[in-house]
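Below, chains carry the letters A, B, ... as their sequence lines are ordered, and counting in each starts from 1. No experiment lies behind these values; they were computed from the predicted model shown.
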Amino acid sequence: MLEIKNLHATVDGTEILKGIDLSIGAGEVHAIMGPNGSGKSTLSYVLSGRDGYEVTEGEVLLKGQNLLDLAPEERAAAGVFLAFQYPVEIPGVPNTTFLKEAVNAVRKSRGESALDAMQFLKVLRAKVKELGMSDEYLKRAVNAGFSGGEKKRNEVLQMAMLEPALAVLDETDSGLDIDALKAVADGVNALRGPERSMLVITHYQRLLDYIVPDRVHVLSQGRIIRSGGPELAKELEAKGYADIIEAAA
Amino acid sequence: MAASVETVEKVQSLGERYKHGFVTDIEMETAPKGLSEDTVRFISAKKNEPEWLLEWRLKAFRHWLEMPEPQWAKVDFPPIDYQDAYYFAAPKSDDDKPKSLDEVDPKLLETYEKLGIPLREQEMLAGVAVDAVFDSVSVATTFKKKLEEAGVIFCSISEAVQKHPELVQKYLGSVVPAADNKHACLNSAVFTDGSFVYIPKGVRCPMELSTYFRINAENTGQFERTLIIADEGSYVSYLEGCTAPMRDENQLHAAVVELIALDDAEIKYSTVQNWYPGDENGVGGIYNFVTKRGLCAGRNSKISWTQVETGSAITWKYPSCILKGDNSVGEFYSIAITNNMQQADTGTKMIHLGRNTRSRIISKGIAAGRSAQTYRGLVSLGGGAENARNHTQCDSLLIGDRCAAHTVPYIVSKNRSANLEHEATTSRISEDQLFYCRQRGIGEEDAVALVVNGFCREVLQQLPMEFAVEAQKLVGISLEGSVG
């Protein structure tokens, strides 16, 4: 599904990613763990095409399509979804309006017809129900005045509506208490499927108790220094990053 | 059938106009270039006006001669040569109009397309000579009939001068005196047409009144004069303008709008202004110098202004309320969008005279490109305005780093019981917001439109439904090319 080959990227002229190789199969969930400053968030922005993140070498293929040539909105249409660490507030724009714009923009660029208001609301209500959320979310402005947990659940709702091929979850656990974490993880797990790959970026092992990955990779100074199964996350939690990084050096 | 009688009358009157246009020498249909007492007399004579109105016009003209141009607005333009313009021209004959949409500027058509305006209406807006006359006559006829049943008078101000002189004489200039300001003086001296509305006592006008449906709406853009009177206990909602871009060869527009609300009456006045703003280098474009003022003359009366200003090279406009009646309410909801080289200096005046008067101001300014805009507002509380209240909120949104937004609020209170609140914010459209939208698949320009529409929401909600939908699209179109 996703192939990252020898990916190098700079921010403001400083190289942050120094040759990443990563392959995620269809339906797999991989976790990227690493200390602060290792390049985790940079990887998520490079994959989603944010301005200011310059790729200097390497390639990223999603279902064989080169993502690096595409604008952020084209990547979204190609199936890339980024659940933000800090979801952005858009005052005055109701969630429903935002989701409808997004879904129809993506449908349009895939050559599908736009959903009218009735069709759209039907789909949206069904997803809201599936995720055990309340309709009240929909009327509120996008993330405006939302609690940390509400923002993250809203990201999950957006993911459910956009049905991406690749979901990148950037520090989805940050700022959440345990109940909110469980609720968000339940939502993410409900969206796991054979056609969807996920890249879960996290600092702590805690999240991976709830979203159990197929593979775990340790990122340090812009490189993946170790990969393994879910047990690697436990080992990290027990020993700390310093030991693992030292051992790999 | 009453309708067919009406239609027959309409067709006859059209026939008369046609004949009139045919036999009269074309030279006589246009006043000579320049502005003098003779021009004013010519216009008044053309319109067959009573003596008092000619005198009123002449008085305004004499004031105009002596009055300096207002200099306080933060706008910059070369001096206007008033002698290098025509002040009266008969409506264009069909021969001069484009024969079909094929002859209309494709750029204009592109915008109509984006606004989703039906073909027939596109033709009307672009001034195409079509055989739609009979259509529009019948629409207008049904419309007029319904209003007549309610006792509402809705006609051109020229017609009102002939048919309802007592109302016009009583109220014309009663809110905006002929000597109010230079631009209003000019309008008073040379106005050629506009709308007149009278809502009788206790009547709730059965439909939104729109200039769009008024026949004779053509060629009144330059010096438009509007007078709306809501008698005791009545209500009217009036829509002015159109979201579709309007072209006009006349650069200077100086309109005057006067509203009068008597006891317990309410007037809601909504404007969408989208005159030609000039090109991206600031060449061309309309100077829109407008004086709009409402008088809450009666107790418990209410006047509410809502405006969406996206067009014109220069906008100079302060729709205001004089809150004379006790418990009267004034509101001003504004969205001003400037892009490229546009300049806008706009705001409101809330003059509290009566007791327990309340006013609310919500202004949303969006500046992009190299444009500059200013919110300028006055909240004034007189000695008798016991317990008056005002809440003002001015928010500015900047797109890019070459535009400017200013806020100039004046507050004058002569009453200790006043309760005044003022809030102001200035922000930038954030890169975070745009990236967030784009990551969800929304293209950059659509993302800007979405964020700006959110920013304007409180004001857009004040617009009548069908206007609001178009205005939302217009917000996006006005900001095209402002990012990237």
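- Residues in residues 145-167 of chain A take part in these ring pair (Phe, Tyr, Trp, His ring centres under 6.0 Å) pairs, two or more places apart or across chains: A:Tyr137-A:Phe146.
- Contact of A:Glu89 with chain B is made through the backbone alone, with heavy-atom distances under 4.5 Å.
- Contacts between B:Phe455 and chain A at a heavy-atom distance below 4.5 Å involve the backbone alone (N, CA, C, O).
- When each of A:Gly49, A:Ser109, A:Ala105 is scored by its heavy-atom pairs under 4.5 Å with chain B, the top score falls to A:Ala105.
- Of the atoms belonging to A:Val80, heavy atoms from both backbone and side chain fall under 4.5 Å from chain B.
- For A:Glu101, the parts sitting under 4.5 Å from any heavy atom of chain B are the backbone and the side chain alike.
- Of the listed residues (A:Val93, A:Leu82, A:Asp51), the one with the most heavy-atom contacts under 4.5 Å to chain B is A:Leu82.
- Between B:Tyr436 atom OH and A:Glu155 atom CD the span is 3.5 Å, to the nearest 0.5 Å.
- Contact of A:Leu162 with chain B is made through the side chain alone, with heavy-atom distances under 4.5 Å.
- When all heavy atoms are compared, the tightest approach of A:Glu73 to B:Ile442 is CB-O, 3.9 Å.
- Contacts of A:Arg75 with chain B are absent, with no heavy-atom separation under 4.5 Å from either backbone or side chain.
- Looking at B:Cys437, both its backbone and its side chain come within 4.5 Å of chain A, counting heavy atoms on both sides.
- Contact detail for A:Phe98 and B:Arg440: the closest heavy-atom pair is CZ-CG, 3.7 Å.
- Atom CZ of A:Arg107 sits in a crowded spot, with more than 12 heavy atoms from other residues, nucleotides or ligands closer than 6.0 Å.
- Chosen from B:Glu431, B:Arg457, B:Gln439, the residue pairing most often with chain A at heavy-atom distances under 4.5 Å is B:Gln439.
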Residue pair A:Tyr86, B:Asp432: steps toward the side-chain contact (heavy atoms from CB on, under 4.5 Å) verdict:
CA-CA 10 Å; A:Tyr86 304 108; B:Asp432 282 350; over 6 Å; no
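- In terms of heavy atoms, A:Ile90 sits closest to B:Gln433 at CA-NE2, 4.1 Å.
- Residue A:Lys40 qualifies as enclosed at atom NZ: its count of foreign heavy atoms under 6.0 Å is above 12.
- Counting heavy-atom pairs closer than 4.5 Å to chain B, the top-ranked of the candidates A:Pro94, A:Gly52, A:Ala78, A:Ala77 is A:Pro94.
- The list of ring pair (Phe, Tyr, Trp, His ring centres under 6.0 Å) pairs with a residue in residues 54-79 of chain A, not counting sequence neighbours, is empty.
- Taken to the nearest 0.5 Å, the CG atom of B:Asn453 stands 9.5 Å off from the OG1 atom of A:Thr97.
- Both the backbone and the side chain of A:Pro87 have a heavy atom closer than 4.5 Å to some heavy atom of chain B.
- The number of heavy-atom neighbours closer than 6.0 Å to CG of A:Asp12, taken from other residues, nucleotides and ligands shown, is 12 or below.
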